[in-house]
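Here is the structure we will look at, set down as C-alpha cells.
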Amino acid sequence: MRLSAKQIGQNLGRRLMPVYLVCGDEPLQHGETRDAIRQACRVAGYLIRELFDVEPGFKWENFELASQSLSLFSEKRILELRFGASLPDKKAAQYLQRYLERLPGETILLASCAKLAKTTPNTAWFKSLERLGAVVQVHPLQRPHFLSWLDARAKSCGVTLERQALAVLAGRVEGNMLAAAQEIDKLRVLYGSAPLNMQTVEDVVLDSAHFNVFDLVDGALAGNAVRISRVLRSIRKEGLAYPLVLWALARELRLLASMRYDLDRGRGRAQLYRSHRVWESRQGLFDAALRRLDHDQIQVLVARCVLVDRVGKGLSRGDIWNELLQLCLAIAGCTVLSSSDGWNEAVIQ
C-alpha cells in the first residue's frame with residue numbers, strides 16, 4: 001500500500017507491516033517517518049536493529065546473509081537499509097526481490113531512499129514491496145498546505161503565534177519544513193506558550209530560505225515581483241554565476257515563445273501542455289504568463305537576453321544583476337522605481 005507521512009501514524013497503530021519503504025526529498029518528514037516506524041517496532045518488541053548503509057562497493061551478500069540468519073534466541077529485529085540520496089540500482093533490485101519472495105520471520109525491513117524515479121513503480125521489486133508492505137512518499141508542501149502544517153506544528157509544540165506572526169515565520173523559512181521545526185523549537189524554549197506577535201518573530205527567526213534559479217523562473221512566470229527581488233538577491237549572495245541564471249530565463253522564454261505560437265494557432269491548452277511536456281504543477285504558472293504576454297512581447301524579451309549577456313561579458317555598460325532583475329520583472333509584467341543600486345521596491349503595473 002502507499003501512505004502519506006500524515007497517514008503512517010494511524011497505520012502503525014493498527015498493525016505492523018513486514019516491510020516499509022520511506023522515499024522522497026523532504027528531510028523532516030523523511031526522518032520523522034522513519035523514527036515513527038522504529039518506535040512502533042520497539043513497542044512491539046523488535047529490539048534488535050541491524051543497519052546497512054548502501055554505498056559504492058556495498059556487499060549485498062552480507063545483507064542477504066543477515067536477513068536469512070536467525071538470532072540465538074529468535075529475537076524480533078529490524079533490518080534497516082539506507083540508500084541515502086540515491087535509489088536502488090539493478091543489483092539492489094535483484095536482492096530486494098529475493099528478500100521479498102522469502103520474507104524472514106520476526107523481521108521488519110525498513111528501507112529508505114531518495115525521491116522515486118518515474119519508472120520505479122513499474123519495477124518488479126517495487127510492486128512486490130507495495131503489495132506486501134507500505135511505501136511512504138514524502139514531498140515538500142505547497143504553500144497553502146505548508147501554512148496549515150506550520151500552524152498545527154506550532155500548536156502541537158505549545159507555541160502560540162498570532163496570524164501575522166505565523167505569516168512572518170512562513171516567509172522566513174520559505175517552505176523549508178526542517179528549518180521551520182527548528183525555529184518553532186527555538187521559540188518554545190525562549191517564550192514557552194506566551195502569545196507571540198509579528199515583531200517578536202521578526203526579531204528571533206532567521207531567514208532560512210534557500211533558493212535556486214528555478215525558484216526565480218517560477219516567480220517571473222507567476223508575476224510575483226516581491227519574490228523575484230528576494231530570490232535574486234539570495235542567489236546573488238550565495239555566489240551563483242549569472243550565466244546559469246540567464247540560461248534558465250532564456251530557456252523558459254523560448255518555451256513560452258513556442259507555446260504562444262501554438263496557442264495563437266488554435267491549439268488547446270491540454271494538448272499544448274502535453275506536447276511541450278509541462279508538468280501539471282507548473283501549468284498554472286504558464287497560464288499566468290501566457291495571459292500576460294503576447295507573441296511580440298515574448299520576442300522582445302528573448303532579444304533582451306542577448307543584451308543582458310553583453311552586459312555580463314563587459315561588452316555593454318551596466319550592472320549584470322540589475323539587468324537580470326529588470327529582465328525578470330519584465331517577464332512578470334512589472335516595473336521598478338528608479339534607484340541607484342537596482343535593488344528597489346517592485347511595483348506591479
Side-chain contact test, heavy atoms from C-beta onward, threshold under 4.5 Å: evaluate it for [X] versus [Y] and give yes or no.
X	Y	result
Glu26	His139	no
Leu141	Leu147	no
Gln29	Val22	no
Glu130	Met1	no
Arg98	Glu64	yes
Ser316	Leu307	no
Val205	Val168	no
Leu249	Leu324	yes

Residue pair Leu272, Leu290: steps toward the side chain to side chain contact (heavy atoms under 4.5 Å, CB included) verdict | CA-CA 12 Å; Leu272 182 74; Leu290 289 169; 4.2 Å; yes
Please tell me whether [X] and [Y] are part of a single hydrophobic cluster in this structure, the criterion being side-chain heavy atoms less than 4.5 Å apart.
X	Y	result
Leu216	Leu240	yes
Val300	Leu329	no
Val159	Leu28	yes
Ile78	Ile8	yes
Leu244	Val217	yes

Which pairs count as side-chain hydrogen bond (donor to acceptor under 3.5 Å, both in side chains) when at least one residue sits in residues 156-165, sequence neighbours excluded?
-> none
Apply the test salt bridge (Lys or Arg N to Asp or Glu O under 4.0 Å) to residues Glu32 and Lys6: give CA-CA distance (whole Å), side-chain angles for both, the deciding distance (0.1 Å), then the verdict.
-> CA-CA 11 Å; Glu32 291 188 344; Lys6 183 183 290 188; over 6 Å; no
Any luck finding a side-chain donor-acceptor pair between [X] and [Y] under 3.5 Å?
X	Y	answer
Ser128	Gln97	yes
Arg82	Ser112	no
Arg274	Gln271	no
Ser193	Arg188	no

Starting at [atom1] of [X], measure out to [atom2] of [Y] and round the result to the nearest 0.5 Å.
X	Y	atom1	atom2	result
Leu3	Tyr20	CG	OH	8.5 Å
Asn224	Arg230	CG	CZ	10.5 Å
Ile298	Arg292	CD1	CZ	9.5 Å
Cys305	Arg251	SG	CZ	12.5 Å
Leu161	Leu150	CG	CG	7.0 Å
Leu51	Glu80	CG	CD	5.5 Å

Gln142 atom CD, neighbour heavy-atom count above 12 within 6.0 Å = no
Any chance NE2 of His276 has more than 12 other-residue heavy atoms, nucleotides or ligands included, within less than 6.0 Å?
->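 Above 12, so yes.
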Walk me through it: do Glu75 and Leu47 pass the test side chain to side chain contact (heavy atoms under 4.5 Å, CB included)?
-> CA-CA 8 Å; Glu75 295 166 304; Leu47 303 179; over 6 Å; no
Can you name the closest pair of heavy atoms from [X] and [Y] and give their distance?
X	Y	value
Arg153	Ala181	NH2-CB, 3.6 Å
Asp185	Cys157	OD1-SG, 4.2 Å
Met177	Trp149	CE-CE2, 3.4 Å
Ser275	Arg267	OG-NH1, 3.0 Å
Arg172	Val201	NH1-O, 4.4 Å
Gln299	Ala257	NE2-CB, 3.7 Å

Below 4.0 angstrom, N of the basic side chain to O of the carboxylate: do [X] and [Y] qualify?
X	Y	result
Lys186	Glu183	yes
Arg131	Glu101	no
Asp218	Arg282	yes

On the ring face of Tyr261, is Arg265 found with NZ or CZ under 6.0 Å from the centre and within 45° of the axis?
->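 The answer is yes; both the distance and angle limits are met.
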Looking only at atom types and distance, does a side-chain atom of [X] sit under 3.5 Å from a main-chain N or O of [Y], one as donor and one as acceptor?
X	Y	answer
Asp151	Ser148	no
Thr123	Thr120	yes
Lys76	Ala44	yes

List the steps, then state whether side chain to side chain contact (heavy atoms under 4.5 Å, CB included) holds for Tyr242 with Val308.
-> CA-CA 10 Å; Tyr242 90 84; Val308 173; 5.7 Å; no
CA sep, side-chain torsions, deciding dist, call: Leu293, Leu301, side chain to side chain contact (heavy atoms under 4.5 Å, CB included) = CA-CA 10 Å; Leu293 300 170; Leu301 291 169; 4.1 Å; yes
Side chain to side chain donor-acceptor pair (under 3.5 Å) between Ser67 and Arg102: does it pass, once the steps are laid out?
-> CA-CA 10 Å; Ser67 67; Arg102 46 188 179 187; over 6 Å; no
Other than Phe58, which residues form its hydrophobic cluster under the rule that side-chain heavy atoms must be closer than 4.5 Å?
-> Val19, Leu21, Phe52, Val54, Trp60, Phe63, Leu79, Leu81, Phe83, Leu87, Tyr95, Leu96, Tyr99, Leu100, Leu103, Leu109, Leu116, Trp125, Phe126, Leu129, Leu132, Val135
Check the pair Asn197 / Thr200 against side chain to side chain donor-acceptor pair (under 3.5 Å), numbers first and verdict last.
-> CA-CA 6 Å; Asn197 58 27; Thr200 301; 2.8 Å; yes
